[in-house]
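What you see is a predicted model; the values in this text were computed from it and never measured.
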Amino acid sequence: MCIELAQILGSEIISADSRQFFQELKIGAATPTAVQLNTIPHHFIGHLSVRDSYNVCAYADDVLNFLEGFFPQKQFCLMTGGSGLYVHSVCHGIDLLPDPDLELRDNLKLKLDSEGIESLRQELMLLDPVFYDEVDLHNPARLIRAIEVCLQSGKPYSELRHQEATERPFRILKIGLKREREELFERINQRVDVMITNGLVEEARGLIEFRGQPSLKTLGYREIFEYLDGDCSLDEAIYKIKANTRHYAKRQMTWFRKDQDMIWFHPDDKQGILDTIRAFLD
RNA sequence: GGUGUCGUAGCUCAGCUGGUAGAGCAACGGACUGAAAAUCCGUGUGUCACUGGUUCAACUCCAGUCGACACCA
């Protein structure tokens, strides 16, 4: 779909898919095929290994650097993607915060496991009472990240977090794709079945040693790891991948739906999308 | 044909001795600033198979009907 548009418009493609970055994740991340990748120049696909640690901020920097060299030559570029926060970081920026310290993060996780979430809440309340009042106190990931930033920077997280949109030296057109639920679910089921046929189980088996990496805390691989551990049958794993993919698709919709700039189309409405892009470029 | 068990939410099932139902999963809605395909929050959506009966009151007790399963012929 996107490749077809890129062909018609003579564009290149930037991926904002936080899993297609990793070269080892092919089947499970539904990475475009070699043929597709050769048809149109793609960027930020397979540029990392699952051993690498990467994050939104690094991604935003990389994309902006790339675009700095790209835009003098070309008029525009398509960006596609799944990961709302990653799209946001490129379009509107992301605050300058210390990079995660993985050792510190592990320690905080240990604290969570041994002393419970209340201990994280108490710690955050002392470090940053302002953020404590805003944060989702049930969400360990949020608590841990905030504590990390406080400890690493010596300042309250809330002081470093401005969440203001940054002006970009380029114009942005946002196009959202939306299908009827029933149709979407049908396609999800097919997609998962195809992954299995294409060898997802073998791909996952080959990556099981990296299962602790953030890059493999990924839909599709986790469920297959469970199967390989003998904790469920293959059918159960497939069922879970389908269910979790539905949940993920729903979360994407929730994220993008609240974006006022988004213009929505049915994916089959190629003409409508093309017209909108051309009008934007004129 | 006979006997027995069962029929409750989309699915799997709870529901004690009668007071018009509740869990898990699914579904639906939401949050989200370096884990984001991650992490977390909220919502029960129901002719309790059907028809009668007993009762102030039936998912619950009784009878019949239909359906599923098991065993016996």
[atom1] of [X] versus [atom2] of [N]: gap in Å, rounded?
| X | N | atom1 | atom2 | value |
| --- | --- | --- | --- | --- |
| A/E236 | B/C25 | CD | C1' | 12 Å |
| A/I94 | B/G34 | CD1 | C1' | 6 Å |
| A/L143 | B/A31 | CG | C1' | 14 Å |
| A/L160 | B/G34 | CG | P | 12 Å |
| A/R246 | B/C25 | CZ | P | 14 Å |
| A/L97 | B/A35 | CG | P | 10 Å |
| A/D259 | B/C32 | CG | P | 13 Å |
| A/K242 | B/C25 | NZ | C1' | 16 Å |

| request: For the residue pair A/S89 and A/Y59, establish whether any side-chain heavy-atom pair is separated by less than 4.5 Å. | output: yes
Which nucleotide, in any strand shown, forms a Watson-Crick or G-U wobble pair with [N], with both distances under 3.5 Å?
| N | result |
| --- | --- |
| B/A57 | none |
| B/G52 | B/C62 |
| B/C32 | none |
| B/G46 | none |
| B/G22 | B/C13 |
| B/U5 | B/A68 |

| field | A/H247 side chain near B/C28 phosphate (N/O to OP1/OP2, under 4.0 Å) | value | no
| task | Report yes if a side-chain nitrogen or oxygen of A/R161 is closer than 4.0 Å to either non-bridging phosphate oxygen (OP1 or OP2) of B/G34; otherwise report no. | result | no
Mind checking if [X] touches a base, just sugar-phosphate, or nothing, with heavy atoms under 4.0 Å?
| X | value |
| --- | --- |
| A/E164 | base |
| A/K240 | nothing |
| A/Y157 | sugar-phosphate |
| A/F185 | sugar-phosphate |
| A/L96 | base |

| query | Counting only heavy atoms not in A/R51, do more than 12 fall under 6.0 Å of its CZ? | reply | no
Determine the interatomic distance between [atom1] on [N] and the same-named atom on [M]; round to the nearest Å.
| N | M | atom1 | result |
| --- | --- | --- | --- |
| B/A27 | B/U12 | C1' | 15 Å |
| B/A68 | B/A31 | P | 48 Å |
| B/C11 | B/C32 | P | 35 Å |
| B/A70 | B/G42 | P | 43 Å |
| B/C62 | B/C71 | C1' | 26 Å |
| B/C28 | B/G44 | C1' | 11 Å |
| B/A63 | B/G24 | C1' | 36 Å |
| B/U43 | B/A35 | C1' | 28 Å |

| query | For the residue pair A/F131 and A/Y157, does the interplanar ring angle fall in the parallel (under 30°), tilted (30 to 60°) or perpendicular (over 60°) class? | reply | perpendicular
Taking atom types as modelled and ignoring hydrogens, do the side chains of [X] and [Y] form a donor-acceptor contact shorter than 3.5 angstrom?
| X | Y | result |
| --- | --- | --- |
| A/N107 | A/E103 | no |
| A/H42 | A/E12 | no |
| A/E223 | A/Y227 | no |

| message | Whether A/E183 and A/R179 form a salt bridge (side-chain N of Lys/Arg under 4.0 Å from carboxylate O of Asp/Glu) is what I want to check. | response | yes
| request: First locate atom CD1 of A/I94, then atom SG of A/C57, and finally report the distance between them rounded to the nearest 0.5 Å. | output: 6.0 Å
| remark: Contact string for nucleotides 36-45 of chain B, one letter per nucleotide 5' to 3', B = base within protein heavy-atom range under 4.0 Å, S = sugar-phosphate only, - = neither, reads BBBBSS----
| note | chi for B/G34 classified (syn = within 90 degrees of 0, anti otherwise) as syn
| query | So does A/K258 reach the base of B/G30 with its side chain, donor to acceptor, closer than 3.5 Å? | reply | no
| task | Is it possible for you to check whether A/R121 lies under 6.0 Å from the centre of the six-membered ring of A/Y132, through NZ or CZ, and within 45° of that ring's axis? | result | no
| How about A/Y54 and A/F22: are their ring centroids closer than 6.0 Å? | no
